[in-house]
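Beneath this line is the structure, given in structure tokens, with notes to follow.
Quick caveat, the model's predicted, so the values are computed rather than measured.
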Amino acid sequence: MTTFALDTATPDPALALVGPDGLLAEAWLGRTPGGGRRVLESAHHLLAMAGTPVDAVDEVVVGVGPGGFTGIRIGIATALGLGQALGIPVHGASTLEALALGAAVARRSSDELVAPVIDARRRQVFAAVYAVEGEGYLHEVVAPAAWDPDDLARALEGHAPVVMAGDGADLVPLCAGCRRAAPGALDRVRAADLVARVRAGGPLPVAPQYLRLPDAEENRLRREREAAAT
Amino acid sequence: MTDLVLAIETSCDETAAAVVQGRAILSNVIASQADLHAVYGGVVPEVAARHHLTTVNAVVDEALDRAGVGLAQVDRIAVTRRPGLIGALLVGVATAKALAYAARKDLVMADHLHGHVAACWLDPVALDPPFVSLTASGGHTRLDLVEDYAHPVLLGQTLDDAAGEAIDKGARLLGIPYPGGPGLEALAGQGDATAFDFPVGLRSRGPDDLDFSFAGVKTALLYATRELGDDGVADRRADLAASYQEAIVRPLADRLMRAADAAGVPAVSIGGGVAANGRLRALVQEGAERRGLRVAIPDRTLCTDNAAMIAAAAHFTPAIAWPEFVGEDAMATAPPGGIAA
Ligand SMILES: [Zn+2]
């Protein structure tokens, strides 16, 4: 089984090729604007580097977010296009869960919880809290949601000790018993962790986790509520 | 089978795929999102992009099924790369690139406006150059001289609103729900087009001027409705609609004829969403007959956004060989002059 995995939900899109005996190759696009618009080009280079023709891929795993809307769509459209043309399965995996698995090495003890945090723009973050059990296994303590950073900090205090990781961790005020993982590799998604998550916990539907309505829909609902209130 | 093209179009609010062989349309599948956007009174880019993603693979499957071909038999894949809503375009481009990459097909990055012009190349219209083409839609209003389908030459375009945009805005002023085109046309059919003297959408800078302007007409309608008041508008909605429609479609037809005269071509064509308007079709037919010109008016499905027209444009656009297209990207805007093959 050769699995191609990609995640373009964050500003540091990630790719991996995983064989039956483990990781064959992995790459990041680097901090790049445009939501991973270069992801197929990078995938082509990764496959060439690994000596694996695209036809030899048996399944695709894609990060479904949360994160940047355009990036999530490019990733999923690319995954589904590959799956459709090759006639192979495409599985979804949570970007936050992959981030949590990667950040688990920063824990000081195995009962410290992990809070992956992604910058959602507009002074919000996408975050969740997990108890990581290792090898792709984790337990969801707080479900993924869009948070105001102050509210998240208050929520985390109730779950301390918690370690935060991800490009949104800096936006969240520190609370008692909370800390941030040292930045660097722990702040980015590893695509191989998506595969680990699917193998350990089963796949998610290949549907974007936007966690936020389009602005126009938000405004329409607000107008409806206001009209109902008067 | 040869020259079999699978085309994908997601530039605005239609998710479309088609299979075309030479000039023959084997399938032309269009999933319209119009109902989704109606509650907002216009196309919402984020809503459009979200819906394209949930629909595009099924639409591609359906197009292949209806054509009775598998992806393996396709010679080339084509996709709209510009202009349009960037988030919407990116879904189609990412899908087409991945399909072409995995199936080892060459890819054509086609231009949406080129597609509207090239729709006339398809059967049964099968118009041969030279001719002058009018494209009028919610996003564009332009005249092109087509001496060669590969390189349409821009003759004139709107200086402000697109014709379809003016129609939608006017429809909204008259309380017609989005999309306003069909509703406005139906209402106009019951009214008197000479009842109100709206400035026609011509900005006259001399007899050679082939540009359009529709901002003034829209403003004139706004003032007329204010002057009439709610009751007055209710009484005269049909006359307002008829006069307004005339002020938009008549200059389109007139400038098309003027351009054909100037270019000395034997034929004219119309395309784009506004080309579905019955009054415009009648005026173009009438004007062309008077001049002894041949008229190409494609079926309504080929006038509004569709993927068969993208396959037609792809016929005249160089393909990018596998796997060189992997770095190709979508673009929101067209280059100066508009159509680039
Ligand atoms: Zn169009």
For [X], which atoms come within 4.5 Å of any heavy atom of chain A: side chain, backbone, both, or neither?
X	answer
B/V93	neither
B/L71	side chain
B/V44	side chain

Heavy-atom pairs under 4.5 Å with chain B: which of A/A77, A/G75, A/P53 has the most?
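So the answer, after comparing A/A77, A/G75, A/P53, is A/A77.
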If we define contacts as heavy-atom pairs under 4.5 Å, which of A/A207, A/P208, A/G83, A/P214 has the most with chain B?
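Most heavy-atom pairs under 4.5 Å with chain B: A/P214.
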Between chain A and chain B, which N and O donor-acceptor pairs fall under 3.5 Å? A table would be great.
{"unit_1": "A/R37", "atom_1": "NE", "unit_2": "B/D329", "atom_2": "OD1", "d": "3.0"}
{"unit_1": "A/R37", "atom_1": "NE", "unit_2": "B/D329", "atom_2": "OD2", "d": "3.0"}
{"unit_1": "A/R37", "atom_1": "NH2", "unit_2": "B/D329", "atom_2": "OD1", "d": "3.4"}
{"unit_1": "A/R37", "atom_1": "NH2", "unit_2": "B/D329", "atom_2": "OD2", "d": "3.3"}
{"unit_1": "A/R37", "atom_1": "NH2", "unit_2": "B/A330", "atom_2": "O", "d": "3.0"}
{"unit_1": "A/H44", "atom_1": "ND1", "unit_2": "B/Y101", "atom_2": "OH", "d": "2.8"}
{"unit_1": "A/D55", "atom_1": "OD1", "unit_2": "B/R104", "atom_2": "NE", "d": "3.3"}
{"unit_1": "A/D55", "atom_1": "OD1", "unit_2": "B/R104", "atom_2": "NH2", "d": "2.6"}
{"unit_1": "A/D55", "atom_1": "OD2", "unit_2": "B/R104", "atom_2": "NE", "d": "3.1"}
{"unit_1": "A/R73", "atom_1": "NH1", "unit_2": "B/E46", "atom_2": "OE2", "d": "3.0"}
{"unit_1": "A/R73", "atom_1": "NH2", "unit_2": "B/E46", "atom_2": "OE1", "d": "3.0"}
{"unit_1": "A/Q84", "atom_1": "OE1", "unit_2": "B/N57", "atom_2": "ND2", "d": "2.8"}
{"unit_1": "A/Q84", "atom_1": "NE2", "unit_2": "B/N57", "atom_2": "O", "d": "3.0"}
{"unit_1": "A/Q84", "atom_1": "NE2", "unit_2": "B/D61", "atom_2": "OD1", "d": "3.2"}
{"unit_1": "A/R212", "atom_1": "O", "unit_2": "B/R50", "atom_2": "NH1", "d": "3.3"}
{"unit_1": "A/R212", "atom_1": "O", "unit_2": "B/R50", "atom_2": "NH2", "d": "2.8"}
{"unit_1": "A/E217", "atom_1": "OE1", "unit_2": "B/Y40", "atom_2": "OH", "d": "2.4"}

So which of B/G92, B/A49, B/G87 has the largest heavy-atom pair count under 4.5 angstrom toward chain A?
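Among B/G92, B/A49, B/G87, the one with the most close pairs to chain A is B/A49.
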Measure A/L213 against the heavy atoms of chain B and call it side chain, backbone, both or neither at under 4.5 Å.
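Backbone only.
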Under 4.5 Å from a heavy atom of chain B, the part of A/L47 involved:
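Just its side chain gets close to chain B.
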